[in-house]
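Single-structure report; data block below.
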Amino acid sequence: MTEALDTDYLVIGSGIAGLNFALLAAEHGRVVVVTKKKPADTNTNWAQGGVAAVLAPDDSVDLHIQDTLTAGDGLCDRAVVEMCVSEGAAQVQRLLDVGVRLARDPAGALDLGREGAHSRNRVVHWQDVTGREIQRALIAAVTAHANITVLEDHIAVDLLSMAKYGGDPACFGAYVLDTSSGNVKTICARATVLATGGTGKVYVYTSNPDVATGDGIAMAYRLGAAVCDLEFVQFHPTVLFHPHARNFLLSEAMRGEGGVLRLANGDTFMEHYHPMKSLASRDIVARAIDNEIKKSGADSVFLDMTHLDPAFVRGRFPNIHERCLGLGIDITKQPIPVVPAAHYMCGGIKTDMRGATTISGLYAIGECAFTGLHGANRLASNSLLEGMVYSTHAAEAVRDAVRHRPSQVAPWSTGDATDSQDQIVVALNWEEIRRFMWSYLGIVRSDKRIERARRRIEILRDEIREYYIDFKVTSDLIELRNLALVAHLVIESARRRKESRGLHYTLDYPDKLPEARHSELQLTNGPRG
Ligand SMILES: Cc1cc2nc3c(=O)[nH]c(=O)nc-3n(C[C@H](O)[C@H](O)[C@H](O)COP(=O)(O)OP(=O)(O)OC[C@H]3O[C@@H](n4cnc5c(N)ncnc54)[C@H](O)[C@@H]3O)c2cc1C
């Protein structure tokens, strides 16, 4: 059975970008937000550090711009950086207006944390659970808005395009699987907004929650949208290493507040890699840890907070303190075992400064988008800011979106597909992709490793394609298909970059080329979709 819905704006994703867009766009149109699990199942909900903005008397827009450009290693778009950084203070005010609580100092001013590669204190936060607080406030505001409908447990399968009807490939909505009923709905809209977040699950070790399978990037690419710079995967240096804790991140702010990285024997090592030691940028710290672990064969290195005032540590990092205590680690008394893990996708669906993709009617905002802000390496706490800035601009841009839908829209057809008897195929392929991506497209790459990954992903994608045709869609199958395509795109992007820059480090080309170039892929002139 196919149910058809019609709205002004279809938003896919309920993180900071999707929900802030929904709130703003609902002032001039009807909004449907679909989200594949519960509304708070997002990367946003897990953000610990906070939002970067120029608010301190000793800070300036120029300094924040400079820090962003330095981290981005020659690939940032300066106009985009200037736009995002200049809007920082206004976006923090917007968060307060929506009802987000932010920590204050004893004098009542916003408390500003310091994070790696920032030259000033400029990160507003709510304890160490800033993302959870933002998510809470946005969900409350969206739920109260009469113009917004949220459909949870609804996963977008593919985008609807006029190309199928002989027109240009304008987008007019999406097929969406209601995972509780098994029905695929047709949702048509004047503008379709991808706010589907990150791609961390492409790797076996990640700080991201299960929803981060790169669905938006895969759907946009299949439709013919340009994607850009997908080789720039940021690995967070410090994720807890513990058999009973999955994906638990130890915020960069812990090093910002004085935490020190050590080997198992207590020696420090970051002084051998960078003058900023434990506060060097993420890529440098992650590579240093990776190198030390490979050199010694140890399972992890350690983040040491034991020299800091225990009351301060408990007060500043209550969530981390409690979580680690539950696992038998008192962070005020014991160093914490840590490893790097895939954390943030700097590349994504190419957009202009208003969030418009290269496909008419289709917008992309938040982590799934490539705007030019992050370049080859994201500066910590710039991504929540980017989500706010671009959701604001896109909510203005969609006012001009024209309706593209044809008079009759083909309903979802299952053809001869049957229910799968073989779920194990999905589980095994999923596991295999994530493991070889970690080994071959991880922190340190080489031509040989990339080529090995390329051969494997092509075999697996053929298998997944057959499976997709033969069996009825399920959320696992949709995610596996997308994950495999994103893995393929990361591999193809990495294959094209014959240099080491920012987060892309390859043993075969350790130096940077004189000219900084983006690696853009598009189905029409790029690799197979
Ligand atoms: C542990 C952790 C800590 C972080 N800390 C910080 C920080 O301190 N500061 C900072 O700036 N950034 C931080 N980040 C990064 C930041 O949280 C994310 O980049 C940002 O929240 C992304 O927001 P988003 O709205 O783009 O996507 P998300 O918040 O990830 O939301 C994506 C949404 O899309 C939905 N979705 C995906 N695919 C589909 C589909 N096919 N159909 C329907 N729905 C779909 C998901 O279910 C989810 O609702 C952190 C990230 C992590 C994981």
Side-chain angles (χ1 to χ4, degrees), residues 10-22 33-53 113 115-116 123-126 128-132 134-135 138-139 150-159 174-179 187 193-201 206-219 234 236 238-240 247-253 256 319-320 341-346 348-349 364-369 373-374 378-388 390-391 475 478-479 481-483:
L10 169 62
V11 182
I12 304 175
S14 59
I16 190 169
L19 294 189
N20 190 50
F21 171 90
V33 179
V34 296
T35 186
K36 64 179 168 179
K37 290 195 172 165
K38 300 297 168 218
D41 286 322
T42 62
N43 272 9
T44 299
N45 202 43
W46 288 89
Q48 293 178 346
V51 186
E115 296 205 350
V123 181
V124 296
H125 63 98
W126 177 248
D128 55 352
V129 285
T130 313
R132 198 194 297 170
I134 293 173
Q135 189 78 52
L138 285 172
I139 290 176
V150 178
L151 299 175
E152 60 184 42
D153 296 323
H154 278 64
I155 178 168
V157 185
D158 258 324
L159 297 167
Y175 287 125
V176 177
L177 171 70
D178 174 350
T179 52
I187 307 185
V193 182
L194 294 168
T196 49
T199 60
K201 297 296 281 187
T206 177
S207 64
N208 292 188
D210 288 348
V211 291
T213 51
D215 297 0
I217 294 172
M219 287 189 283
Q234 186 167 64
H236 197 287
T238 54
V239 172
L240 179 66
N247 313 347
F248 191 67
L249 183 104
L250 298 165
S251 165
E252 191 120 36
N319 177 50
I320 295 173
H343 183 57
Y344 185 82
M345 171 49 86
C346 292
I349 307 153
I365 52 176
E367 189 168 341
C368 70
L373 174 64
H374 308 302
R378 174 188 69 130
L379 183 68
S381 289
N382 265 357
S383 41
L384 292 172
L385 172 65
E386 184 191 44
M388 289 298 292
Y390 273 83
S391 51
S475 53
I478 292 164
E479 288 186 339
R481 178 183 181 229
N482 292 333
L483 196 83

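We count ligands from 1, going down the list as the structure has it; atoms in each ligand are counted the same way. These numbers were taken from a predicted model, which means no experiment stands behind them.
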Looking only at heavy atoms of [X], does any of them come nearer than 4.0 Å to an atom of ligand 1?
X	value
Glu386	no
Asp41	yes
His154	yes
Gly50	yes
Ala195	yes
Val51	no
Lys38	no

Would one find an N or O of [X], backbone or side chain, under 3.5 Å from an N or O of ligand 1?
X	result
Ser207	no
Gly49	yes
Gly366	no

Point to revise | Check ion pair Asp158-Arg481 (N to O, under 4.0 angstrom) | key: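 Salt bridge present between Asp158 and Arg481.
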
Review point. Is Lys36 paired with Glu479 through a side-chain N to carboxylate O contact shorter than 4.0 Å?
Key: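 Looking at Lys36 together with Glu479, the answer is yes, because their closest N to O distance falls below 4.0 Å.
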
How far is [atom] from the closest protein heavy atom, and which atom is that?
atom	answer
atom 16 (C) of ligand 1	Ser383 OG, 3.8 Å
atom 23 (O) of ligand 1	Thr44 OG1, 3.2 Å
atom 45 (C) of ligand 1	Lys36 CG, 3.8 Å
atom 51 (C) of ligand 1	His343 CE1, 3.6 Å
atom 27 (O) of ligand 1	Gly197 CA, 3.3 Å
atom 35 (C) of ligand 1	Gly13 CA, 3.5 Å
atom 42 (N) of ligand 1	Ala156 N, 2.8 Å

Closer than 4.0 Å to some heavy atom of [X] - which atoms of ligand 1 meet that?
X	result
Ala17	25 (O)
Gln48	3 (C), 5 (N), 8 (O)
Ile155	40 (C), 41 (N), 42 (N), 43 (C)

Point to revise | Side chain, backbone, both or neither: the part of Glu252 lying under 4.0 Å from ligand 1 by heavy atom | key: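 The answer is neither.
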
Check your understanding: Is ligand 1 under 4.0 Å from a heavy atom in the side chain of Ile16, in the backbone, in both, or in neither?
Key ->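 Both backbone and side chain.
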
Point to revise | Donor on one side chain, acceptor on other, His236 and Ser207, under 3.5 Å | key: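 Judged by distance alone, the side chains do not pair up.
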
Review point. Can you find a side-chain donor-acceptor pair between Glu115 and Ser381 that sits under 3.5 Å?
Key: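 Per modelled atom types, Glu115 and Ser381 side chains form a pair under 3.5 Å.
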
**Study point:** Residues, nucleotides or ligands: over 12 heavy atoms within 6.0 Å of Trp126 CH2
**Key:**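 Above 12, so yes.
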
Point to revise | From the candidates Asn43, Asp215, Thr42, the one that places a heavy atom nearest atom 39 (C) of ligand 1 | key: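 Shortest heavy-atom distance from atom 39 (C) of ligand 1: Asp215.
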
Review point. Between the candidates Arg378, Glu367, Gln234, Gln135, which shows the shortest non-hydrogen contact distance to atom 13 (C) of ligand 1?
Key: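 Among Arg378, Glu367, Gln234, Gln135, the closest heavy atom to atom 13 (C) of ligand 1 comes from Arg378.
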
**Study point:** Identified side-chain hydrogen bond (donor to acceptor under 3.5 Å, both in side chains) partner of Lys201 from the options Asn482, Asp210, Thr213, Asn208
**Key:**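 For Lys201, the side-chain hydrogen bond (donor to acceptor under 3.5 Å, both in side chains) test succeeds with only one of Asn482, Asp210, Thr213, Asn208, which is Asp210.
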
Check your understanding: Under the side-chain hydrogen bond (donor to acceptor under 3.5 Å, both in side chains) criterion, do Gln135 and Thr42 qualify, and how do the steps go?
Key -> CA-CA 9 Å; Gln135 189 78 52; Thr42 62; 2.6 Å; yes

Practice item. Please report the closest heavy-atom contact between Leu385 and Ala52, naming both atoms and the distance. Key: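 Residues Leu385 and Ala52, closest heavy atoms: CD2-O, 3.5 Å.
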
